[in-house]
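Shown next, in structure tokens, is the structure this report addresses.
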Number of protein chains: 2
Amino acid sequence: MRRSSEDTKASILVAARERFAADGYDRTTIRAIAADAAIDPSMVMRYFGNKEKLFAAAADFDLQLPDLADVPRDRIGATLAAHFVERWEADEALMVLLRTAVTNEEVAGRMREIFAGQLGPLAVSLSGDPGSAARRAGLVATQMLGLALCRYVLRLPPVVEMTHQEVVAWLGPTLQRYLLGDAYGG
Amino acid sequence: MRRSSEDTKASILVAARERFAADGYDRTTIRAIAADAAIDPSMVMRYFGNKEKLFAAAADFDLQLPDLADVPRDRIGATLAAHFVERWEADEALMVLLRTAVTNEEVAGRMREIFAGQLGPLAVSLSGDPGSAARRAGLVATQMLGLALCRYVLRLPPVVEMTHQEVVAWLGPTLQRYLLGDAYGG
DNA sequence: CTCCAATGTCAACGCTTGTTGGCATCAGTG
DNA sequence: CACTGATGCCAACAAGCGTTGACATTGGAG
């Protein structure tokens with residue numbers, strides 16, 4: 001039996017995600033993805049059109065932020081920190097996005113949409129003040145993405161060595177303050 | 001008069017820094033740098049050997065952390081936050097490094113050295129506890145690099161719009177806690 | 001002046017890339 | 001069986017890349 005079209009498409013996507021996550025958009029070649037998927041490069045083009053569309057398919061992504069309605073107000077920062085670490089380690093989609101957004105304006109725009117569209121509303125619903133919500137969401141993004149950058153991309157040893165619990169213990173209060181506190185440590 | 005060797009070298013370096021900062025290592029071409037510097041691509045090779053060496057010359061970098069001995073202990077976080085924003089905006093060297101470190105393991109290693117070698121000692125001298133100093137430095141790196149990523153690379157609008165004072169007001173307490181406080185908001 | 005080293009230009013090389021079109025091979029249908 | 005459409009492979013293209021070596025031009029030293 002020869003593989004079905006869907007099987008091939010799926011195996012291409014798996015290989016593409018791994019390559020894009022490991023090497024970023026530019027350094028990833030269609031030929032390498034095809035080799036990983038054990039097919040001919042031309043099949044990639046047949047099924048996904050071109051490299052850009054393949055990337056778009058591989059980087060389809062949702063932050064999947066948890067529902068924070070039932071979380072005690074003083075545990076929101078910790079809950080968010082824990083969720084973010086787990087979400088990041090669940091699959092390679094965020095890695096794909098970050099590694100490419102840094103040198104690709106279009107993908108950077110997509111990252112802006114994700115954080116504005118998913119973190120923004122959360123900040124609005126949590127903080128009483130809609131005027132500061134966008135900034136609060138932005139601050140949360142700086143700490144979350146900074147952690148991801150240092151832990152998963154640059155691999156700074158002290159950051160890599162932290163356990164989930166330690167990350168939550170240190171970053172939780174920070175996110176808590178950004179979302180619900182004031183600038184001066186409130 | 002024809003340009004001196006040093007003038008040419010310098011103009012190549014200027015063009016290289018701009019290109020590397022804007023596009024990252026892979027997307028930057030020797031040809032583009034040469035065009036910016038108004039010379040032939042072969043001159044770049046003559047003066048810098050190859051693309052890697054040119055990058056090394058363009059990304060030569062020092063965090064130039066300030067002396068914190070005279071800073072009041074409760075102002076250290078704010079001072080560090082202010083210095084970092086100014087240092088980042090002073091020239092393009094950090095941008096060059098970050099844009100490339102994300103997809104280049106060798107440059108990532110250099111980034112690790114910079115933050116371990118310059119932020120580490122500072123954390124040691126500040127916190128009484130040498131055992132936690134590396135982790136504290138790592139935490140500071142997550143917040144500093146996260147800010148840089150969101151503000152200068154991804155350009156998240158709410159983060160871009162913050163003034164220097166606002167950045168210091170929000171991030172100062174975070175850095176303060178990472179360096180001198182304990183995990184649970186102390 | 002002549003000569004020579006420094007500075008710069010030009011054309012080309014070998015390689016890799018994304019992408020394309022033609023051809024082979026198989027599964028299922030009549 | 002023949003036929004057809006889906007699936008896959010192969011070879012090649014044009015473009016861009018880093019890099020190289022030969023050649024031209026300048027300016028100062030003797």
Side-chain angles (χ1 to χ4, degrees), chain A residues 1-60 96 99-107, chain B residues 1-60 96 99-107:
Chain A
M1 269 281 288
R2 134 163 70 170
R3 279 194 293 199
S4 82
S5 163
E6 291 306 316
D7 287 350
T8 304
K9 252 183 118 164
S11 69
I12 291 174
L13 265 183
V14 168
R17 270 192 266 263
E18 278 175 14
R19 285 283 180 174
F20 282 135
D23 303 334
Y25 185 85
D26 291 321
R27 289 176 119 89
T28 297
T29 67
I30 299 278
R31 286 166 151 91
I33 293 172
D36 289 354
I39 46 123
D40 190 88
S42 64
M43 299 300 294
V44 178
M45 312 306 295
R46 175 136 47 206
Y47 286 128
F48 293 93
N50 58 31
K51 188 179 177 183
E52 262 188 46
K53 289 179 187 166
L54 171 61
F55 178 85
D60 194 23
V96 172
R99 271 245 161 78
T100 301
V102 165
T103 46
N104 185 312
E105 178 54 29
E106 199 173 333
V107 178
Chain B
M1 270 281 289
R2 139 164 61 170
R3 280 195 293 197
S4 82
S5 164
E6 290 306 315
D7 287 351
T8 303
K9 254 183 115 164
S11 69
I12 292 174
L13 266 182
V14 169
R17 270 192 265 262
E18 278 174 14
R19 286 283 179 174
F20 282 133
D23 303 333
Y25 185 84
D26 291 322
R27 289 175 120 89
T28 296
T29 67
I30 298 278
R31 286 166 151 91
I33 293 171
D36 289 355
I39 45 122
D40 190 88
S42 64
M43 297 302 292
V44 178
M45 312 305 296
R46 172 125 63 195
Y47 286 129
F48 293 93
N50 59 30
K51 188 179 178 183
E52 261 187 48
K53 289 179 188 166
L54 171 61
F55 178 85
D60 192 24
V96 171
R99 273 244 161 81
T100 300
V102 166
T103 47
N104 184 312
E105 177 54 29
E106 199 174 334
V107 178

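Below, chain A is the first sequence line, B the second, and so on; all start at residue 1.
- Inter-residue side-chain proximity for B:F55 and B:N104 is flagged as unmet; no heavy-atom pair is nearer than 4.5 Å.
- Whole-Å rounding puts the B:R46 CZ to C:dA6 C1' distance at 8 Å.
- Checked by atom type and distance alone, the side chain of A:R99 pairs as donor or acceptor with a backbone atom of B:V102 at under 3.5 Å.
- A:D7 has its CG atom 14 Å from the C1' atom of D:dG8, to the nearest Å.
- As a whole-Å value, the separation of A:K9 NZ from D:dA6 C1' is 14 Å.
- Here the OG1 atom belonging to B:T100 is positioned 7.0 Å from the CZ atom belonging to B:F20, to the nearest 0.5 angstrom.
- The residue A:Y47 sits close only to the backbone: its heavy atoms come under 4.0 Å of sugar-phosphate atoms, none of a base.
- Contact of A:R31 with C:dG18 (side chain to base): a donor-acceptor pair of N or O atoms is detected under 3.5 Å.
- With sequence neighbours left out, the salt bridge (Lys or Arg N to Asp or Glu O under 4.0 Å) criterion links B:D60 to no other residue.
- Rounded to a whole Å, the NZ atom of A:K51 is 9 Å from the P atom of C:dT17.
- One interatomic measurement links the two molecules: CG of A:D40 to P of D:dC9, which rounds to 6 Å at whole-angstrom precision.
- We find that CD1 of A:I12 is positioned 11 Å from C1' of D:dT7, with the value rounded to whole Å.
- One atom, CZ of A:F48, and another, C1' of C:dG18, lie 16 Å apart when rounded to the nearest Å.
- Listed candidates were C:dT20, D:dC10, D:dT19. Nearest to the side chain of B:N50 is D:dT19.
- Whole-Å rounding puts the B:R19 CZ to D:dG18 P distance at 12 Å.
- The side chain of A:S42 sits closest to C:dG21 out of C:dT19, C:dT7, C:dG21.
- Nearest nucleotide to the side chain of A:M43, out of D:dT7, C:dG18, D:dT19: D:dT7.
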Name the atoms and distances for all side-chain donor-acceptor pairs under 3.5 Å in residues 38-47 of chain B, with sequence neighbours left out.
{"residue": "B:D40", "atom": "OD2", "partner": "B:S42", "partner atom": "N", "Å": "2.9"}
{"residue": "B:D40", "atom": "OD2", "partner": "B:S42", "partner atom": "OG", "Å": "2.7"}

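- The side chain of A:T8 approaches D:dG8 more closely than any other nucleotide in the set D:dG8, C:dT9, C:dT19.
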